[in-house]
Protein chains: 2
Amino acid sequence: MNIKLSRHQWITEAFAVLAEAGVDGIKIEGLAKRLRVTKGGFYWHFRNREDLLLHMLEQWRVGRIETIHEQTRDEDHAADTLKYLIRLYTDSTNLRGNAIELAVRDWARSDSRAAEAVEAVDRERLDCVSSLFAQLDLSPDDAYSRAYLFYSFIFGQSLLNDDSCRLEPKKIKQFCTRFLVS
Amino acid sequence: MNIKLSRHQWITEAFAVLAEAGVDGIKIEGLAKRLRVTKGGFYWHFRNREDLLLHMLEQWRVGRIETIHEQTRDEDHAADTLKYLIRLYTDSTNLRGNAIELAVRDWARSDSRAAEAVEAVDRERLDCVSSLFAQLDLSPDDAYSRAYLFYSFIFGQSLLNDDSCRLEPKKIKQFCTRFLVS
DNA sequence: ACATCTCCATACGTTTACGTATAGTTGAGT
DNA sequence: ACTCAACTATACGTAAACGTATGGAGATGT
């Protein structure tokens, strides 16, 4: 019996592999095996591997931009929103999300289209978060710089393994939150 | 005429490729081509590809640990040293260094030995930098947390493309430096 | 019942990369 | 000049992965 898969299921599985092994880990036959089919179906949905990657990139771009808009809509409680965002992105339940984020950025280092997507997303995120910081009585430039530091922390933190720390990660993150949002 | 290469030259070239294309970009025949020889010589110096990678990892580990010790030796001018470190790592002339750093971290996500090396290096770095912060009248825990934030910034900043910023990168980095070291 | 659309299986050709085997070349010491 | 160690060239076998071609199975509408 044949299992029919949608284009979307291929993309979803590809994101799973992206998180686990990076772009270079995305192999068509590998995906097919995970989905319990052969690669015949893949070439029905996509022209080739490149085609899949471009669709992933586009989905990532719009998804991330949509998400940040939703997450920063409430400008009346800027400080709380910022703290919430930090908790969200530094949480250990977000490992998969962080992995995808890093994998896409790694991809961007050797692919101009990925770099473009990352740039667009970062631009949007910096804008959204800086306008939150602007609610905390900061000058526009300071707010923007603080947003930059905010995101550097978010990304950088995901590169630092908790096991490298001599202090409880929880304590460290509380400190960083207080330090960044105040 | 034959060009004789040392083991070290192969490793050096491999680091160049690592910076440009990540671990998966390191191909033996590719290296040989860049070095203007064939792969015959590679297998004289290394048992196999894995062997090369392990040697690279080891060189990276000891090199990075040595470097951070040198860079943080002067504890009498902690604030200046910290500012200097930020300038060093956020400088646009350090793109290659950042690329290697990120590539190794990416590698660590799917290789336990790489993860081990990264962990050891991070541990050392956090210790060194936190003892600098401790000179600035911070409690041990606060100093350690600040060191964590410091490195998160360093790493995170290397993930954010300058082109994504609406403000001059120079200004932003000045702000971050003041904010982190004070 | 039949046609059609959607998706999958299979077989094939090609490229790329790994690793091995073996012969050859070069330079330094004697 | 001879030898040996250090290194390289070349040729080969194998595996993984891409992409193509073609046939077929299942569901759906008429």
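Lettering follows sequence order; numbering is per chain, from 1.
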Roughly how many Å is it from [atom1] in [X] to [atom2] in [N], rounded to a whole number?
X	N	atom1	atom2	answer
A/F42	C/dC7	CZ	C1'	14 Å
B/F46	C/dC18	CZ	P	13 Å
B/R49	C/dT20	CZ	P	15 Å
A/Y43	C/dC12	OH	C1'	14 Å
B/I28	D/dT10	CD1	C1'	16 Å
B/L52	C/dA17	CG	P	15 Å

Should the ring pair A/W10 and A/H45 be called parallel, tilted or perpendicular, given that the plane angle runs from 0 to 90° and is split at 30 and 60?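 Plane angle between 30° and 60°, so tilted.
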Is A/R113 salt-bridged to A/E116, cutoff N-O under 4.0 Å? no
Just by distance, with hydrogens left out, do B/D141 and B/S139 show a side-chain donor and acceptor under 3.5 Å apart?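 No, no side-chain donor-acceptor pair sits under 3.5 Å.
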What pairs of nitrogen or oxygen atoms, one from the protein and one from nucleotides 14-16 of chain C, lie under 3.5 Å apart?
none

Which residues satisfy the side chain to side chain donor-acceptor pair (under 3.5 Å) test with B/D163, sequence neighbours excluded?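 For B/D163 there are no side chain to side chain donor-acceptor pair (under 3.5 Å) partners, ignoring immediate neighbours.
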For A/D24, give me all partners under side chain to side chain donor-acceptor pair (under 3.5 Å), at least two apart in sequence or on another chain.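 Residues passing side chain to side chain donor-acceptor pair (under 3.5 Å) with A/D24: none at all.
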CD1 of B/I172 to CG of B/L167, rounded to nearest 0.5 Å, is 4.5 Å
